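Contents: one structure, followed by commentary.
In the text below, chain A, chain B and the rest are named by the order of the sequence lines, each starting its count at 1. Source: prediction; values computed, not measured. In what follows, every heavy atom counts, from backbone to side chain, and hydrogens, waters and symmetry copies are set aside.
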Amino acid sequence: MRYLPLDTEDRRAMLDVVGAKAIDELFADVPADALNPPLDLPDHAGEFAVERQMAAMAGKNRAAGAGPFFVGAGAYRHHVPATVDHIIQRSEFLTSYTPYQPEIAQGTLQYLFEFQTQVASLTGMDVANASMYDGSTACAEAALMARRVTRRDGILMSGSLHPHYESVTRMNGGLVGGKATVSEASPDGADNVIDLISDETACVIVQTPDVFGNVVDLEPIAKAAHDKGALLVAVVTEAVSLGALKSPGEMGADIVVGEGQSIGNALNFGGPYVGLFATRQKFMRNMPGRLCGETVDAGGKRGFVLTLSTREQHIRRDKATSNICTNSGLCALAFTIHMTLLGETGLRKLATLNHEAACATADALSAIDGVELVNDAFFNEFTLRLPKDAAEVVEALAAKDILAGVPGSRLWPEDESKHNLLIVAATELTQDKDIEAFANALKEVL
Amino acid sequence: MRYLPLDTEDRRAMLDVVGAKAIDELFADVPADALNPPLDLPDHAGEFAVERQMAAMAGKNRAAGAGPFFVGAGAYRHHVPATVDHIIQRSEFLTSYTPYQPEIAQGTLQYLFEFQTQVASLTGMDVANASMYDGSTACAEAALMARRVTRRDGILMSGSLHPHYESVTRMNGGLVGGKATVSEASPDGADNVIDLISDETACVIVQTPDVFGNVVDLEPIAKAAHDKGALLVAVVTEAVSLGALKSPGEMGADIVVGEGQSIGNALNFGGPYVGLFATRQKFMRNMPGRLCGETVDAGGKRGFVLTLSTREQHIRRDKATSNICTNSGLCALAFTIHMTLLGETGLRKLATLNHEAACATADALSAIDGVELVNDAFFNEFTLRLPKDAAEVVEALAAKDILAGVPGSRLWPEDESKHNLLIVAATELTQDKDIEAFANALKEVL
Amino acid sequence: IEEALIFETGHMAATGVDLPEPKGTRSRLGGLERKGTMNLPGLAEPEAMRHFVRLSQKNYAIDMGPFPLGSCTMKHNPRLNEKMARLPGFAEIHPLQPVSTVQGALELIDTLAGWLKELTGMPAVAMSPKAGAHGELCGMVTIKAALEARGEAETRTRVLAPESAHGTNPATAAQCGFTVDAIPADDTGRVDIEAFKAKLGDDVAAIMVTNPNTCGLFERDIREMADAVHEAGGYFYCDGANFNAIVGKVKPGDLGIDAMHINLHKTFSTPHGGGGPGSGPTVLSEALAPFAPIPYVVSDADGFHLIEKRSQEEGDHHSFGRMTAFHGQMGMFVRALTYMLSHGGDGLRQAAEDAVLNANYVLARLSAEMTPAFEGTCMHEALFNDDFLKDTGVGTLDFAKAMIDEGYHPMTMYFPLVVHGAMLIEPTETESRHELDLFCDALLSLAKEAKAGKADKFKAAPVLSPRRRLDETAAARKPVLRWEPSNDESMAAE
Amino acid sequence: IEEALIFETGHMAATGVDLPEPKGTRSRLGGLERKGTMNLPGLAEPEAMRHFVRLSQKNYAIDMGPFPLGSCTMKHNPRLNEKMARLPGFAEIHPLQPVSTVQGALELIDTLAGWLKELTGMPAVAMSPKAGAHGELCGMVTIKAALEARGEAETRTRVLAPESAHGTNPATAAQCGFTVDAIPADDTGRVDIEAFKAKLGDDVAAIMVTNPNTCGLFERDIREMADAVHEAGGYFYCDGANFNAIVGKVKPGDLGIDAMHINLHKTFSTPHGGGGPGSGPTVLSEALAPFAPIPYVVSDADGFHLIEKRSQEEGDHHSFGRMTAFHGQMGMFVRALTYMLSHGGDGLRQAAEDAVLNANYVLARLSAEMTPAFEGTCMHEALFNDDFLKDTGVGTLDFAKAMIDEGYHPMTMYFPLVVHGAMLIEPTETESRHELDLFCDALLSLAKEAKAGKADKFKAAPVLSPRRRLDETAAARKPVLRWEPSNDESMAAE
């Protein structure tokens, strides 16, 4: 077997050194009736047999690049430069370990330091951690952190937060006495979240652009939250929007969490992605997750280490700020490389192209009879109200090889009032001919 | 532009240092009316625009893996392990230079030494060079070398040598007074090449398996050549055959050249490939191309260098053994990695699988009425005589998405006696269902 | 050669990406346009390539040499896995595409789930956890949901875990609101079964046990533990971090466990990637399966379907909700299944045997100069204490750092906590005997040097690495977590 | 860390490839089955990966730092090119597939040919040469064929080439049976136009001139040379190795040349790959085009066609035959076209300008301590002689080897031959000003050290590389070109 260097002779000789006659002597502690159970599994297979099997499965999926594609709602199809994927596959990055031995992990540590700097700058915050699993779990961790900081239990979420983020946050943030509440928010941007802030509120969680695509002004919410001693957690699921929009930090957020997939990472059917987590300097020691810090070595040279690990589970155990022991290192690297290639100049331009593509798509689709654009202000995603169940429309368009967006029933299966909504995203990869094909097909199926 | 690090400010500042006011002052020696000509070319384009354009072209080709595939005749579809392509893309191999500075090129030099050892062992020869452009140019270089060694001008080629090899060898080997002759060889293996050897013959060039797929016993030819003071050049276009067949060295060849594409390298529409060149110790200094040799460094450690470069053009200029200054480094690396993964054990098994696939294909096809298998002994390729022009059959099968092989008219456009021949190759990637599809379709179109 | 930060060499105007020119459409951003600079310079592509390649060269990696990290299972990462994960049909599909357009993706998840269930002997698996610790959280939240369904969530608040447990175990339990009660070890390095039984009671929600445990030993009383905790009304959570040692050899489901996470990067060769991404599917018993998180895949004659509602009309499944926004770490699923298909059932079993053999070989050879923490053979990792360093002036940390100068990554140090100056070595099955011999030779030679009084060398190590020992205390005292223009100035001023 | 040869660590039974079991079919190999061992051990995949990764780490590469090699144009190699070359529609097509199934491949060749013709201002291009020297051969054989058609092949046997020519020029000419006559240079580093004219005669087949020449200078009398050689009945072969300096700025076709090869890896960024594969398409004038090698692509309303016969019924094309078995370096074509489309006409011109600017910047800065070989500005490479090392005891070679310890690849040394102790530096356009400044600082500092009498340091260099200076004389005296079991023993015995 190609991954196993030992051969029969090695095994025999090594058993001799160990002083065992047969390998199962080393498994003597296993209950005898449980050892070597039958396995209803195929035997080993060569590369091309495995490739065929995997390619057959891959071939049953419609790849984003194979035709018109407008699906978003928390994951976005962007172009990833070839350089990014090349670098993250370098052995020294791909097959390295968590940088607990900093002397031989400066490569990983330095890019994490660069990542943290980029995330803090993008979000307008002071500090960021070395990444989290994804945006939704980062959101839940933000709620937990706000509870630690404020010593309050109330987790107030806007109704226009991505419902999956809401579910994750409700589950995880709501453990140990957390109380989650959700505001009434309508697809056009109206939201009563400010009215619900109380003295029990640990944090208000608001997404911008929200799940319907609305660009949200966080300033009044921040002010209202701070007036009641609560923190404002801003959620960004489309990192490219940070190139066009005022940063959550500028608008008063205390914690910014986000999904970094859009920069450097493929769609991957939902994972792995890279969670962004940034906050103010004063809350630094309350942050979950790994942190990389600058220091010097015994020779006085600048170097980087994982730091403040006394917050973490492997030191603090049941008193840790979080049980997390993994970040999303390689995805963070992809983010950092892509962001470095873009630079501020490139990111701004990329954001503009995204916005323009969405405007063009919105114009083309909302010109169709019976189709209503619900948003006034949006970035690269918007919501349409259709004259019938959007899921049916999406299926009909998929049959024409157009992936039209996310129907309301997919995100809110229990809330029928949203089932006529279709959330549509456009990016720099959206071509005029895609928009045209979408509009024509939509006319046909309505 | 993404590949150009200088910006406008850099350029201005650097021109100041240079003492020029404008860039065109540095092009002052160019005739003024020729400077900055109009270019009827598009402007620069971003990655995804270029990708779309390239992918559109790629999409118009039928890839080997997309369906039944039986094309060979000098290039073969084999499986290349993912490890091979990963390693050759490492920056340190991909973007390194010819190892003229051995202190910082030991990686390249050591694998070349390993490559030379593998090639010598596979061919049954004493020494091999560090690779050549491809099999056909290696063949021409062998003819030139034989002329140098024997100081004769006659280049005798078997008629069952791949006609493209024959053409290249005739052109290049035939310069400066070389006289090329070709034997009468029939697809079933009969060949009068021995009868044509004379006192003017510098070398006899014989391919095995030959272009029709016949396995050729070189021993009698070697003996006849040596009796007349000529060298035997053996040509191998399918390197995998060396895992199953007696090596040319064992059968008395003086020079073995070959195409190494089958091991580690993709089809690539004909290039880049990797030419193999091996010979006897006594002819070592007459070899063309780069050679890597073992030595020690100033600290006494084993190391490798390019050696015997006094044969080469950059030292010897018009007295060089060849004008070649490039080898096929990266393709040789791919060969070495794949060969290392295979090992002797794997290569033998691979060869057996190839042979078995060809036998099964030959049996299935020759069972069809009107189809005649011309070969007795073959490795992974054989020739069918069809009842009509094979090119028509190939086109008809291509329309059914079956790539059936190489029709005689493609290789011998001027020789109509061969136009009913179809050369069919099978490899380890040939599946039973491919054979079945081929046989069924062939029945239909005949 | 030193490598500057991108912020120190990049230019604000530079970009390594060419994009088409915007058309100049009127913006509809609601007046919230970004103004001012973000202070994020760019690099042209050649500069960026060189920056990250040079950085990479300051790392140690499994492709360069052994990573003998106990509990971390750093094994070979096949590139076939990477290639498969990049097939457009896997990499370029969206988690919310119509289900009809991702049948192959659901098939892949279903197939992988099938392998995990067969290998663990468990009836259900939650695929969405993003990493091992996330899988633990999934398991413990599922247990909490089951207790709630039984009306015992308020009363069963205690979780038992061995002293030698991974830090994630108590952290996870605490995150779920449980209190953690440590079970002592016996002198063979395993759970003290009597002490354990004495701690059981009707306030016990679950036990969390790693098996093979963090001392590299199989908990031979595991069935007795399972029976006891079940009898006491609690659940058995097994930490599957060490599954690599027993995959194909034992099915945890045959031993009575209720939940176990599986680190796909440890047992099934998805790359560590310098600290992630991981993937931690959690297998569940019949008792816990109804509370598993959404979404999950089911299939019928029409194909594969996604269950995304918490409560299904048909059946009594009532999920506790979502672990994450989407379906879990699909990219890791592809890699893991590729690995499984490559190894097959026979190969996975062989891999476990080789992993255990390699560890015992290292244990046997190193025992010549180093002191094993416990008597007898081990499973997939060999544990030593620091007795052999007594009075040498060399500590476990010094010894480990000296390994760097020999070309090796240090082993796991000071863990498990129950062993003094612990050194935990896990070679894994992908090391050859030749490589193990070189490794053992190096360690034996270091041990001799330590005993020969060369403490200075150890205290100074490493000296051949890109950096010497780093001042972690200074880093934590006044944390600098990002570059700022002022950093440079203040560094320069010092 | 030393890395053994695979033959020293591999095992005969080992394999890193899993293949299905053969069925045991009766063999039809005609009794020529291989017997006995080949002595080729294998490695399991993890061992092989590590072996080659470790080897790679002993190399210097453009992704690590500048490669200031004059005449070699080591520029950034975009990974987009690599990605495109691996599209199955390019990588997995066979050169002899039916033409109807490779229309995209022919379109690509045709498109690339179109770019090359437009950039050179030439009407035809032979795509199949496998490398630069092969392109030279193609050009000279084409010239020979044209002379044959004129009935002058026997009489025109002399080729003129400057003393400063690349070694391939005389070697190629000789390979075609021409005698080579060297043209002296004038004191500005260019062809001595009067001496050149004096050598013309009716036995001259061609001149071979590099432009910009190997001193990094543009041959300002090039049109006069072209006119003169044409008048004398000969052809003008231009060595295109330095095309990078003028691409988009000047069309060689506007200067009167008849043939020129283009190194795709130099001007169009296909990777050097440690010494190949290259690709050397050769552009041809109207006079030479009819003799171009087969195969070539033509198109009409029905699509693209391949001409594979030497003589076509329609027209007077009579090819001299084949340069190689198939269509040339398709993989390199894909990369080069990807690069061209990325840069566009505007970007290629800008690249040439930046290449020349970078070289002049280096020339200007280094002139402070080093001695330029000629006065004035240069094109894309800066040439120095060793005057500044006079009496220091440091030679050009020593100076170059000392650069290794500074983290750089040496420049080109002792070439062109017309300059004493030549050092030829070509930074290329993909180096940033920051990187150039670091490079110049390092060289200026070395030059100062040499002048300050630190010859010992230079003689000992390099000391920081994986190997110190290697004994090339010993290697050539008794060449060891392959591993044999006895090598080890004899090494051990010494």
Side-chain angles (χ1 to χ4, degrees), chain A residues 5 10 14 18 29 34 39 41 43-44 50 54 57-58 60-64 71 91-92 95-96 98 103-104 106-108 117 127 133 136 164 167 171 176 215 266 268-272 293-295 297-298 303 307 313-314 317-318 320 323 326 328-330 341 343-344 346 352 356 377 398, chain C residues 15-17 22 25 30 40 42 52 55-56 58-63 84 87-89 91-92 94-96 98 101 104 130-131 167 170-172 174 177 218 220 254 273-278 321-322 325-327 329-331 341 344-345 347 360-361 432-433 465 467-468 475 480-483:
Chain A
D10 289 327
M14 291 166 73
V18 170
D29 289 335
L39 295 173
L41 297 170
D43 275 354
H44 66 282
V50 174
M54 297 302 288
M57 281 192 262
K60 293 176 196 163
N61 303 317
R62 161 41 159 95
V71 193
S91 291
E92 294 86 339
T95 76
S96 63
T98 310
E103 298 88 349
I104 49 176
Q106 286 296 304
T108 298
T117 305
V127 290
Y133 303 141
S136 65
H164 294 175
S167 174
M171 183 284 288
V176 200
V215 172
N268 282 327
F269 201 52
E294 184 179 317
T295 186
D297 81 351
T307 191
Q313 47 74 26
H314 65 283
R317 301 179 74 85
D318 53 336
N323 79 327
T326 305
S328 214
L330 214 57
L341 286 168
E344 183 163 335
T352 303
E356 289 191 343
Chain C
T15 177
V17 174
T25 319
L40 286 175
F52 290 104
L55 278 190
S56 78
K58 299 175 191 295
N59 273 2
Y60 186 87
I62 192 74
D63 282 352
M84 294 301 97
L87 292 172
E92 297 175 22
H94 191 287
L96 300 175
T101 66
K130 294 285 217 174
T172 302
F218 195 89
R220 57 170 84 102
D254 290 347
R322 282 183 181 267
F326 303 118
H327 315 293
Q329 307 285 55
M330 180 69 171
L341 293 173
N360 277 284
Y361 183 72
S432 70
R433 184 177 162 206
S465 48
R467 280 290 177 274
R468 295 176 56 196
V480 177
L481 304 184
R482 64 175 293 183
W483 179 86

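- Both the backbone and the side chain of Leu481(C) come within contact range of chain A, judged by heavy atoms closer than 4.5 Å.
- Of the residues considered (Gly16(C), Gly344(C), Pro95(C)), Pro95(C) shows the highest number of contacts with chain A, using heavy-atom pairs under 4.5 Å.
- Taking CD of Glu92(A) as the reference point, atom CG of Asp63(C) lies at 7.5 Å (rounded to 0.5 Å).
- In this structure, the portion of Met171(A) lying under 4.5 Å from any heavy atom of chain C is its side chain and not its backbone.
- Of the residues considered (Gly276(C), Gly42(C), Gly331(C)), Gly276(C) shows the highest number of contacts with chain A, using heavy-atom pairs under 4.5 Å.
- For the set Arg62(A), Lys60(A), His164(A), the entry with the most heavy-atom pairs within less than 4.5 Å of chain C is His164(A).
- Interface check for chain A: of the options Leu341(C), Asp254(C), Thr172(C), Leu87(C), the most heavy-atom pairs under 4.5 Å are formed by Leu341(C).
- Within the 4.5 Å cutoff, side-chain heavy atoms of Arg433(C) are placed close to those of Tyr361(C).
- Ranked by heavy-atom pairs under 4.5 Å with chain A, the list Met84(C), Arg468(C), His94(C), Lys130(C) is led by His94(C).
- In this structure, His327(C) has no side chain to side chain donor-acceptor pair (under 3.5 Å) partners at least two apart in sequence or on a different chain.
- With hydrogens and angles ignored, the 3.5 Å screen pairs no side-chain donor or acceptor of Thr25(C) with any backbone N or O of Glu356(A).
- Counting heavy-atom pairs under 4.5 Å between each of Leu40(C), Thr15(C), Asn59(C), Thr101(C) and chain A puts Asn59(C) at the top.
- Ranked by non-hydrogen atom pairs under 4.5 Å with chain C, the options Thr326(A), Thr307(A), Asp43(A) are led by Asp43(A).
- Formation of a donor-acceptor pair under 3.5 Å by the Gln329(C) side chain with backbone atoms of Gly271(A) is not found in this model.
- Counting heavy-atom pairs closer than 4.5 Å to chain C, the top residue among Asp10(A), Val215(A), Asn268(A), Thr98(A) is Asn268(A).
- Among Ser167(A), Gly303(A), Ala266(A), Ala398(A), the residue with the largest count of heavy-atom pairs under 4.5 Å with chain C is Ser167(A).
- Put simply, CZ on Phe269(A) and CE on Met330(C) are 6.0 Å apart, with the number rounded to the nearest 0.5 Å.
- How far NZ of Lys58(C) is from CD1 of Ile104(A): 14.0 Å, rounded to the nearest 0.5 Å.
- In terms of non-hydrogen atom pairs under 4.5 Å with chain C, the most contact-rich of Gly293(A), Pro5(A), Gly343(A) is Pro5(A).
- Counting heavy-atom pairs closer than 4.5 Å to chain A, the top-ranked of the candidates Gly278(C), Gly30(C), Gly177(C), Pro277(C) is Pro277(C).
- Heavy-atom pairs under 4.5 Å with chain C were tallied for Leu330(A), Leu341(A), Val176(A), Val50(A); the largest tally goes to Leu341(A).
- The side chain to side chain donor-acceptor pair (under 3.5 Å) check on Tyr60(C) picks up nothing, with sequence neighbours excluded.
- If you take OG1 on Thr95(A) and CD1 on Ile62(C), they are separated by 6.5 Å, rounding to the nearest 0.5 Å.
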